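Side chains included, hydrogens not; waters and symmetry mates left out as well; all remaining heavy atoms used. The shown structure was predicted, so the numbers you read here are calculated from the model rather than taken from an experiment.
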Amino acid sequence: MTRGPKNVHIGGKTFRINRNVRTPQEKAEIEDAFAAFEEARAAIPEERRFHLSDRFGGHDFEGTEYEDWVNEQRQKNRQG
């Protein structure tokens, strides 16, 4: 029996939880696709890799009850 998606609200954000049950074949296909991605990612030479800025996606907590805590953690990380 499968159940449809459910929305959950955490920290002012809405997350959709997929509760559909996957078959073993579907799970294997997903794992194979992920493994292929990881293999291609690992094949990139170190000099061609780049780091995304810490600011990339860093505003997810603004306006939520976690904003102060996240800012405190960032401040601690900057101080070492």
Participant: Scan residues 36-46 for pairs that pass salt bridge (charged side-chain N to carboxylate O under 4.0 Å, His left out), counting only residues two or more places apart or in two chains.
Facilitator: Glu38-Arg41, Glu46-Arg49
Participant: Going only through I, L, V, M, F, W and Y residues with side-chain contacts under 4.5 Å, is there a path from Tyr66 to Val8?
Facilitator: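 Tyr66 and Val8: one cluster.
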Participant: Quick one: side chain to side chain contact (heavy atoms under 4.5 Å, CB included) partners of Pro24, sequence neighbours excluded?
Facilitator: none
Participant: Using atom types as modelled and distance alone, determine if a side-chain donor or acceptor of Glu67 lies under 3.5 Å from a backbone N or O of Gly63.
Facilitator: yes
Participant: With Gln79, which residues qualify under side-chain hydrogen bond (donor to acceptor under 3.5 Å, both in side chains), at least two apart?
Facilitator: none
Participant: About how many Å separate NZ of Lys27 and OG1 of Thr23, when rounded to the nearest 0.5 Å?
Facilitator: 8.5 Å
Participant: Hey, could you give me the NZ/CD1 distance between Lys6 and Ile17, rounded to the nearest 0.5 Å?
Facilitator: 6.5 Å
Participant: Identify the heavy atoms of Val21 and Glu26 that sit nearest to each other, and give their distance.
Facilitator: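 Nearest heavy atoms, Val21 then Glu26: O-OE1, 4.3 Å.
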Participant: Which side-chain hydrogen bond (donor to acceptor under 3.5 Å, both in side chains) pairs, counting each pair once, include a residue from residues 28-37, with sequence neighbours left out?
Facilitator: Gln25-Glu29
